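One structure below.
A quick note: this is a predicted structure, and the numbers were derived from the prediction, not measured.
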Amino acid sequence: MQQLYDHYLYDPDPEYLKRIYPLLKGTTEFILDFLVKDPVTGYMVTCPSSSPENSFIDDKGEKAAISLGSASDIQLVRNLLRNFVDASEVLNTDAGMHKQSVAVLEQLPPHQIGSFGQLQEWLYDFKEAEVTHRHIMHLFAVYPDDDITFRKTPELAEAVRVTLKRRGDQNRGWSGAWKISLYARLEEPEKACNMLYKMLAEVSTWPRDEDSRITPSFEGNQGIQGVTAGMAEMLLQSHSGEISLLPALPKQWSNGAVSGFRAKGGFDIDMEWKDSVLAKAVIKANYNKPCRLRTKTPVKIFADGKEVNARLLDNNLIEFDAKAGEKYVISN
């Protein structure tokens with residue numbers, strides 16, 4: 001459902017939203033029924049629950065994998081409920097279920113920071129059985145979701161950095177592909193690029209629909225899904241209600257151009273840059289809606305040769321009212 005709703009965010013056609021809404025509602029109904037209250041913390045949690053493929057050491061010193069309310073579960077649930085709330089508001093339907101979902105969102109466990117400064121993987125701060133495990137599912141809140149960002153939640157973003165450092169970069173495959181996008185979201189271009197080049201140069205990439213003999217995975221393969229998504233995330237991000245141009249541009253890509261990108265909100269974007277600075281971007285709006293744009297340097301916006309009135313919201317964050325079918329030229 002996260003992928004289906006993401007499609008709507010990138011192309012906010014209300015007819016498409018109506019098409020997927022029964023699936024979104026049904027999934028939400030299941031989750032609302034499945035969640036239970038943890039008698040210790042009082043939070044609404046999933047049970048049984050795991051942090052996929054990973055394990056921990058319990059209070060008896062034994063290795064275990066099943067507990068309740070793992071971070072990855074709660075992050076997925078939060079994403080689902082938030083999307084349902086938004087969709088039901090747009091379609092003006094299911095007011096009772098909307099109210100229930102809002103209430104449950106407030107009862108979910110918060111993101112937590114563990115004893116090592118890492119983003120906590122389970123509801124309780126269990127000792128990891130394998131610190132460098134390739135699995136990083138509990139970082140879903142960073143990417144592809146945007147519940148954790150270094151601007152909105154700086155302390156949690158730092159905990160994500162600690163998590164990535166503890167996990168290490170030795171495990172590639174789908175995990176390596178994911179780390180490219182995670183580093184891009186943290187706006188650490190050199191780390192993202194370093195992981196990308198390792199993915200391209202080492203045994204993680206194979207000319208078939210898997211990414212290594214050890215951990216076959218479609219999304220980690222060179223040129224397929226994960227790696228290319230990471231490259232795109234380094235150049236363009238659209239989350240948290242804004243579009244960011246060249247947010248994680250590495251030194252190795254000091255000059256370049258891309259075309260045919262799509263940002264959330266239904267904006268088509270072409271860009272070119274020189275000496276690591278945006279030279280020009282063309283944004284085509286497909287819907288009548290405000291466009292929030294973040295750049296590394298101040299820019300001006302033009303439409304039909306005339307400068308567009310833009311509102312300054314923050315350092316290098318501007319907003320302008322876009323019209324469907326109109327093209328906007330962004331330049332220094």
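Cluster membership for Leu76 and Phe30, using ILVMFWY side-chain heavy atoms within less than 4.5 angstrom, is not shared. Under the 4.5 Å side-chain heavy-atom criterion for grouping Ile, Leu, Val, Met, Phe, Trp and Tyr, Val162 is not connected to Leu182 through any hydrophobic cluster. Linking Ile, Leu, Val, Met, Phe, Trp and Tyr residues whenever their side-chain heavy atoms come within less than 4.5 Å leaves Ile113 and Phe126 in two separate clusters. No path of Ile, Leu, Val, Met, Phe, Trp and Tyr side chains, each step under 4.5 Å between heavy atoms, connects Ile66 with Val40, placing them in separate hydrophobic clusters. Linking ILVMFWY side-chain heavy atoms closer than 4.5 Å, directly or via other members, places Tyr8 and Met1 in a single hydrophobic cluster.
By the 4.0 Å N-to-carboxylate-O rule, Arg185 lies close enough to Glu233 to be salt-bridged with it. Using a 4.0 Å cut-off between charged nitrogen and carboxylate oxygen, Asp304 and Lys327 do not count as a salt-bridge pair. We find that Arg167 and Glu121 are joined by a salt bridge, their nearest charged nitrogen and carboxylate oxygen being less than 4.0 Å apart. A salt bridge between Lys264 and Asp6 is present, with a side-chain N of the basic residue lying under 4.0 Å from a carboxylate O of the acidic one. Taking 4.0 Å as the cut-off between side-chain N and carboxylate O, Glu188 and Lys191 count as a salt-bridged pair.
For Ser115, the side-chain hydrogen bond (donor to acceptor under 3.5 Å, both in side chains) criterion is met by Asp125, not counting sequence neighbours. Remark: Arg311 engages Glu319, Asp321 in a salt bridge (charged side-chain N to carboxylate O under 4.0 Å, His left out) (not counting sequence neighbours).
The minimum heavy-atom distance between Ala322 and Ala285, with the atom names listed, is CB-CB, 3.7 Å. When every heavy atom of Leu91 is checked against every heavy atom of Pro14, the shortest pair comes out as CD2-O, 4.4 Å. Minimum heavy-atom separation, Lys296 to Pro247: NZ-O, 3.5 Å. Pairing each heavy atom of Trp122 with each of Ser55, the nearest pair is CH2-O, 3.4 Å. Summarising the geometry of Ser67 relative to Phe56, their closest heavy-atom pair is CB-CZ, 4.0 Å, with the distance given to 0.1 Å. The heavy-atom pair separating Gln2 from Phe140 by the smallest distance is CG-CZ, 3.9 Å.
In the model, Asn54 has no side-chain atom that pairs as donor or acceptor with a side-chain atom of Ser51 under 3.5 Å. Under the 3.5 Å distance criterion, with hydrogens and angles disregarded, no donor-acceptor pair is assigned to the side chains of Asp59 and Tyr124. A donor-acceptor contact under 3.5 angstrom links the side chains of Asp73 and Ser49, judged on distance only. No side-chain donor-acceptor contact under 3.5 Å links Glu128 and His133. Residues Thr297 and Asn316 have side chains that never bring a donor and an acceptor to within less than 3.5 angstrom of each other. Side-chain contact of Asp94 with Tyr21: a donor-acceptor pair under 3.5 Å is present, judged by distance alone.
Here the side chain of Gln75 pairs a donor or acceptor atom with the backbone of His138 at under 3.5 angstrom. Side-chain atoms of His135 come within 3.5 Å of backbone atoms of Pro52 as a donor-acceptor pair (strictly under, hydrogens ignored). When atom types are taken as modelled, the side chain of Ser88 and the backbone of Val85 share a donor-acceptor pair closer than 3.5 angstrom. Within the 3.5 Å criterion, the main-chain N or O of Lys323 finds a donor-acceptor partner in the side chain of Tyr328. For Thr153 (side chain) and Leu156 (main-chain N/O), no donor-acceptor pair under 3.5 Å exists by modelled atom type. A donor-acceptor contact shorter than 3.5 Å links the side chain of Arg78 to the backbone of Pro109. Looking only at distances, no side-chain donor or acceptor of Ser254 sits under 3.5 Å from a matching main-chain atom of Asp275. Remark: the backbone N or O of His239 is not paired with any side-chain donor or acceptor of Asp146 at under 3.5 angstrom. Between the side chain of Glu29 and the backbone N or O of Thr27, no donor-acceptor pair lies under 3.5 Å. A distance-only check finds no donor-acceptor pair linking the side chain of Gln100 to the backbone of Gly96 [under 3.5 Å].
Between Leu186 and Leu164, some side-chain heavy-atom pair lies under the 4.5 Å cut-off.
Within 6.0 Å of CD in Glu190 there are more than 12 heavy atoms belonging to other residues, nucleotides or ligands. Heavy-atom neighbours of Lys284 NZ from other residues, nucleotides or ligands within 6.0 Å: at or below the threshold of 12. Around atom CD of Gln3, no more than 12 heavy atoms belonging to other residues, nucleotides or ligands sit under 6.0 Å away. Atom NZ of Lys274 sits in a sparse spot, with 12 or fewer heavy atoms from other residues, nucleotides or ligands closer than 6.0 Å.
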**Item:** side-chain contact (heavy atoms from CB on, under 4.5 Å) assessment of Phe302 paired with Val308
**Value:** CA-CA 5 Å; Phe302 299 89; Val308 174; 5.7 Å; no
**Request:** Check the pair Leu17, Asp13 against side-chain contact (heavy atoms from CB on, under 4.5 Å), reporting the backbone distance first and the verdict last.
**Result:** CA-CA 7 Å; Leu17 184 60; Asp13 180 357; over 6 Å; no
**Request:** Please lay out, stage by stage, how Val45 and Leu35 fare under the test side-chain contact (heavy atoms from CB on, under 4.5 Å).
**Result:** CA-CA 5 Å; Val45 296; Leu35 292 171; 5.6 Å; no
**Asked** Going through the checks in order, is the side-chain contact (heavy atoms from CB on, under 4.5 Å) test met by Asp38 and Leu68?
**Response** CA-CA 8 Å; Asp38 174 21; Leu68 77 169; 3.8 Å; yes
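Between Phe261 and the options Leu245, Asp268, Leu236, a side-chain contact (heavy atoms from CB on, under 4.5 Å) holds for only Leu236.
Distance CG/Leu249 to CG/Leu278: 10.0 Å, rounded to 0.5 Å. Atom-to-atom distance recorded for Asn194:CG and Lys179:NZ is 11.5 Å, nearest 0.5 angstrom. Annotation: the span from Asp86 atom CG to Leu81 atom CG amounts to 11.0 Å, rounded to 0.5 Å. For the atom pair CD (Glu242) and OG1 (Thr149), the distance works out to 8.0 Å, reported to the nearest 0.5 Å.
By the 30° and 60° cut-offs, the orientation of the rings of His7 relative to Tyr16 is tilted.
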